[in-house]
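First up is the structure itself, then whatever we jot down about it.
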Number of protein chains: 2
Amino acid sequence: MIVKQVSQVLDLLEFFAHRREPANPSEIARHFAWPRSSTFNLVQTLVERGYLYEPKPRQGYYPTPRWLSLAQEISAAEPLPEEVNRLLRDLAEITGETVGITAASGTHVVFLEVIPSRHPIAYQAYVGKQLPLHATASGQAILSQMPPSQVASLLRRTVFERYGEGTPMSIEEIETQIKQSLHRGWFSSASAYTQDLGGVAVPLVLNGRIFSFTVAGPLFRIGNHMDVIARQMHEGVSRHLGPDYFATHVPNLYRLPVGSAS
Amino acid sequence: MIVKQVSQVLDLLEFFAHRREPANPSEIARHFAWPRSSTFNLVQTLVERGYLYEPKPRQGYYPTPRWLSLAQEISAAEPLPEEVNRLLRDLAEITGETVGITAASGTHVVFLEVIPSRHPIAYQAYVGKQLPLHATASGQAILSQMPPSQVASLLRRTVFERYGEGTPMSIEEIETQIKQSLHRGWFSSASAYTQDLGGVAVPLVLNGRIFSFTVAGPLFRIGNHMDVIARQMHEGVSRHLGPDYFATHVPNLYRLPVGSAS
DNA sequence: TAAAAATGTCCATGTTCATGGACAAATAGG
DNA sequence: CCTATTTGTCCATGAACATGGACATTTTTA
């Protein structure tokens, strides 16, 4: 069950993240087509808790830095290593496509970090975006590093739905894809969940946590050279996480021959 | 009216900021003594919106970095200048007391930035904390820089309540205090709103926005030398914002003779 | 300065969702 | 492997709050 008032808090937070300036309750009510009185209650609650304030009387409310201070505390607890961020920036530069780090969340994966592509036509991902675990390159990369019992339990709960031509439709199909991908050294998907989207992913294991390092873009642009991208990703991992990274941390994964890097 | 479910979202966010590790819905329910089913609905809503995720199955949920990314966008829009942060760090160091920046929010002030004192007994403030505008050093410092019409409108809406011995109980009293404080060069309060608390504040005007720069601590420690603290604050402002800062930006304020600083 | 418009506040009522108990599934313990 | 315990899901009912209309206040326009 979706709790409406909870959703509204999130809507409001996203609203301010886009708008970047104070807004009146009336404006907010108009924007979302919410009843004015409900909007006032919502705003008032956030004000009393110190999450919104009114910088100038009657000029509107704006979120306080309290959001930032809590979010920083929360994210400080499970940070991605700085090398990973460098790796992402590097590959965003090299490939020009959207790159990101995802982690498992139940039967889905969530983006924990995203660098959007500079192309006008590109894969639109954002931190918090979710994808099904079984039908995406990222998801399969993550599954490939989980203990088999856990994989089995997750796949049992999966509801198979045909999102596109490439969607795998059975547990066996997924297990085969994972095995082949491990053997090949990289995971891919093509119109498996998102139409016209191609994704290339490799698993990363950091402090015992499993992630996927993912590059994704329109199929027409990357469909023909996913192998090149995979190679670039392996080289990136080698440069930023060390030449032995896969050997020591993701030993099941075939290691593409890496040209450069000491 | 306080919307309960909105409050609960905030409670949960604060819960994770303290806890810093994943929690099961059951644990959350136990911690807050919320019914389990309500807790599940709340968690589920946040999960579906990409604000919580489940790093490992059955090991609990944790907030995604989406909070951070939105909070950063929001706070990037109205940042405090870096000099102000340096000023705060400097005075936290010099005075050893809790220092902060506050801004007006209706008839209250909110803390936008806080550096907590290192003393075990100290003033406990946090970003988002609110105080009444009329009965605190911070609030009066801010009022002192507002156009008189706005001050009048705010004070008209003020409900006078005796919080402590020092609480001003009439509009005239407040106006007198403000006038005297401007003339003296700093604002103070002693057990005016918070029992046993002493505060010293000076107004800052940055890009047309009015703030208060505040140092506060237990009266027994600072009651006898608020003038020294005020002097240190003036010197800090002079060092970090420039020797002419008050003259050019807060001209109504008497400027304490500043020893050092070019 | 008066009238109009917009914004903010209040309130009775109906809808939504929180509640807690009952059931199912998963995990831990014997 | 069976039992006990914990965790998660489902559901009917009653309480909390969203709704929208009416009123008050403030701001804008004439």
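Only this structure's heavy atoms are used, side chains among them; waters, hydrogens and symmetry mates stay out. Naming: A, B, ... by sequence-line order, numbering from 1 per chain.
The base of D:dG20 lies outside donor-acceptor range of the side chain of A:R36, with no N or O pair under 3.5 Å.
Atom pair B:Q44:CD and C:dC17:C1' shows a separation of 13 Å (rounding to whole Å applied). Atom CG in A:L154 sits about 12 Å away from atom P in C:dA26, given to the nearest Å. B:E27 has its CD atom 9 Å from the P atom of D:dG8, to the nearest Å. Here the P atom of nucleotide D:dA18 and the CG atom of A:D11 are 14 Å apart, to the nearest Å. With rounding to whole Å, B:Q150 atom CD is found 14 Å from D:dT26 atom C1'. The CH2 atom of B:W34 sits 20 Å away from the P atom of C:dG21 (whole-angstrom rounding). The nearest whole Å value for the distance from the CG atom in A:L42 to the C1' atom in D:dA18 is 12 Å. Put simply, CD1 on A:I28 is 12 Å from P on C:dT7, counting in whole angstrom units.
Along DNA chain D, the nucleotide nearest B:R156 and the nucleotide nearest B:S37 are compared for position; the residue whose nucleotide lies closer to the 5' end is B:S37. Mapping A:P25 and A:V3 onto DNA chain C via the closest heavy atom, the residue that lands nearer the 5' end is A:P25. For A:T39 and B:F40, each mapped to the nucleotide of DNA chain D holding its nearest heavy atom, the one lying further toward the 5' end belongs to B:F40. Where A:R58 and A:V6 each meet DNA chain C at their nearest nucleotide, the meeting point lying more 5' is that of A:R58.
Using cut-offs of 30° and 60° on the angle between ring planes, the pair A:H134 and A:Y163 is tilted. Ring pair B:F111/B:Y123 is tilted by interplanar angle, where 30° to 60° counts as tilted. A perpendicular orientation is assigned to the rings of B:F16 and B:Y62, their planes being inclined by more than 60° (bins at 30° and 60°).
For B:P35, the side-chain atoms get nearest to C:dT19 when compared with the rest of D:dC17, C:dT19, C:dT7. Proximity note for B:K4 (side chain, C-beta onward) versus D:dA18, C:dG8, C:dA18: the nearest is C:dA18.
Proximity of A:Q5 to the phosphate of D:dA18: a side-chain N or O atom is located under 4.0 Å from OP1 or OP2. Taking only side-chain nitrogens and oxygens, A:N41 never comes nearer than 4.0 Å to OP1 or OP2 of D:dC17.
Residue-level contact check: A:R30 touches the backbone only, with heavy atoms under 4.0 Å from sugar-phosphate atoms and none from bases. Backbone-only engagement by B:S26 is indicated by non-hydrogen atom pairs under 4.0 Å involving sugar-phosphate atoms exclusively.
Annotation: the span from A:I174 atom CD1 to A:S181 atom OG amounts to 11.5 Å, rounded to 0.5 Å.
Between the side chain of B:T248 and the backbone N or O of B:Y245 there is at least one donor-acceptor pair closer than 3.5 Å.
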